[in-house]
Amino acid sequence: MRIEQVVSELCRGDDGFRDKIEFLSQATGGWERWFQLELAYYICERFHDNYDVRLENSAVYPGTPYRADLTLTSKTTQRVKTIVELKCQVTGTTAAAFAQLIRQDIQKALSAARGWDYEVIAVTQGPNDMEYILSELSPRYPGQISGREFINLGSPGAFIHFFKGAAP
């Protein structure tokens, strides 16, 4: 399962969800934890027969203080395991500052346990921020990073997806 698709589906969802995400993404303070819980719940509801979902998993970063926002493990084959790191841009944060936070999450992949796919989803305030961040990160991570605009959302307006396949 690619989390990129799941995030797009979730944010295309019902009007109630769209109203909440537009409101919370503009509120003072962070909204990342709320989005993490919504995404975990959505995955559990849609894919409960196929995946186990775990929040705040520290076992995937052995010997470090890091915790993965979400981990997904296939119920049918233990070889399909995914670490998901989320970043949600707080209103007023510059694209340059947000790009640095995304870069830090991508670097965590270097300390992840072997055998795990690694995905970063970074929700931006709008397409302009997404484009700026892509221009900053794409040269460093060719073929691993992409952007996508949300349909029917004003803000947040887009997200960045980074993917690194499992190391053997």
Side-chain angles (χ1 to χ4, degrees), residues 1-14 16-91 93 97-125 133 144-148 150 153 155-156 158-167:
M1 162 189 348
R2 284 289 181 99
I3 299 302
E4 177 182 24
Q5 282 299 118
V6 176
V7 168
S8 289
E9 290 172 14
L10 174 62
C11 291
R12 264 195 317 260
D14 65 39
F17 181 82
R18 288 195 309 267
D19 290 346
K20 278 193 274 186
I21 195 169
E22 286 185 347
F23 172 77
L24 292 171
S25 71
Q26 298 304 302
T28 302
W31 56 282
E32 186 173 308
R33 182 66 173 172
W34 169 81
F35 189 70
Q36 176 186 359
L37 293 170
E38 287 285 348
L39 181 59
Y41 180 77
Y42 185 77
I43 293 169
C44 287
E45 284 293 303
R46 295 273 324 270
F47 304 102
H48 66 275
D49 290 338
N50 300 325
Y51 290 91
D52 285 320
V53 177
R54 189 166 168 200
L55 295 164
E56 302 297 328
N57 187 350
S58 61
V60 300
Y61 296 116
T64 73
Y66 300 139
R67 294 182 311 221
D69 291 327
L70 299 171
T71 55
L72 309 171
T73 305
S74 172
K75 291 180 178 181
T76 57
T77 173
Q78 293 300 311
R79 290 187 313 255
V80 179
K81 302 182 292 185
T82 304
I83 296 168
V84 179
E85 294 294 348
L86 296 173
K87 281 286 170 261
C88 294
Q89 186 178 16
V90 175
T91 190
T93 303
F98 193 54
Q100 181 59 32
L101 295 173
I102 296 166
R103 191 177 292 115
Q104 289 170 0
D105 263 3
I106 291 172
Q107 287 301 307
K108 283 170 56 175
L110 299 174
S111 59
R114 292 194 171 279
W116 289 80
D117 287 344
Y118 192 85
E119 295 190 55
V120 175
I121 299 291
V123 183
T124 66
Q125 288 295 318
I133 294 165
Q144 293 180 292
I145 196 161
S146 63
R148 184 180 282 191
F150 287 124
L153 280 179
S155 184
F159 70 96
I160 292 163
H161 175 249
F162 170 85
F163 178 81
K164 179 180 180 283

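Within a 6.0 Å radius of CZ in Phe17, other residues, nucleotides and ligands contribute more than 12 heavy atoms.
The two atoms that bring Pro156 and Phe150 nearest to each other are O-CD1, 3.5 Å, heavy atoms only. Listed here is the closest heavy atom pair of Ala166 and Gly115: CB-C, 3.5 Å. Residue Tyr61 comes nearest to Ala68 through the heavy atom pair CE1-N, 3.6 Å, listed as atom of the first residue, atom of the second, then distance. In plain terms, the two heavy atoms of Ile83 and Trp116 that are nearest each other are CG1-CE3, 3.6 Å. Considering every non-hydrogen atom in both Ala99 and Ile133, the closest pair reads CB-CG1, 4.0 Å. Across every non-hydrogen atom of Pro62 and Ser111, the tightest pair is CD-O, 3.8 Å.
Between Leu70 and Gln36, the closest side-chain pair of non-hydrogen atoms falls below 4.5 Å. A heavy-atom distance below 4.5 Å is not found between the side chains of Gln5 and His161. Side chains of Glu9 and Tyr42 form a contact here, defined as non-hydrogen atoms less than 4.5 Å apart. With a 4.5 Å cut-off on side-chain heavy atoms, Phe35 and Cys11 count as touching.
Without hydrogens or angle criteria, Gln125 side chain to Gln89 main chain gives a donor-acceptor distance under 3.5 Å. Looking only at distances, a side-chain donor or acceptor of Lys75 sits under 3.5 Å from a matching main-chain atom of His48. With Thr73 contributing its side chain and Asp52 its backbone, the two residues share no donor-acceptor pair below 3.5 Å. Between the side chain of Asp117 and the backbone N or O of Gly165 there is no donor-acceptor pair closer than 3.5 Å. Glu85 places no side-chain N or O within donor-acceptor distance of the main-chain N or O of Val120, the cut-off being under 3.5 Å. The backbone N or O of Leu86 sits less than 3.5 Å from a side-chain atom of Asp69, completing a donor-acceptor pair. In terms of modelled atom types and a separation under 3.5 Å, the side chain of Glu119 and the main chain of Ile3 share a donor-acceptor contact.
Note that CD1 of Ile43 is 12.0 Å distant from CG of Asn50, once rounded to the nearest 0.5 Å. Atoms OG1 and CZ, on Thr124 and Phe159 in that order, are 9.5 Å from each other to the nearest 0.5 Å. If you take OH on Tyr51 and OG1 on Thr82, they are separated by 6.5 Å, rounding to the nearest 0.5 Å. For the atom pair CZ of Arg54 and CZ of Arg67, the computed distance is 11.5 Å after rounding to the nearest 0.5 Å. With rounding to the nearest 0.5 angstrom, the OG1 atom of Thr71 is 10.0 Å from the CD atom of Glu56. With values rounded to the nearest 0.5 angstrom, Tyr66 atom OH is found 8.0 Å from Gln104 atom CD.
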Self-check item: Audit row: Asp105, Leu101, side chain to side chain contact (heavy atoms under 4.5 Å, CB included) steps and yes/no
Solution: CA-CA 7 Å; Asp105 263 3; Leu101 295 173; over 6 Å; no
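Using cut-offs of 30° and 60° on the angle between ring planes, the pair Trp31 and Trp34 is tilted.
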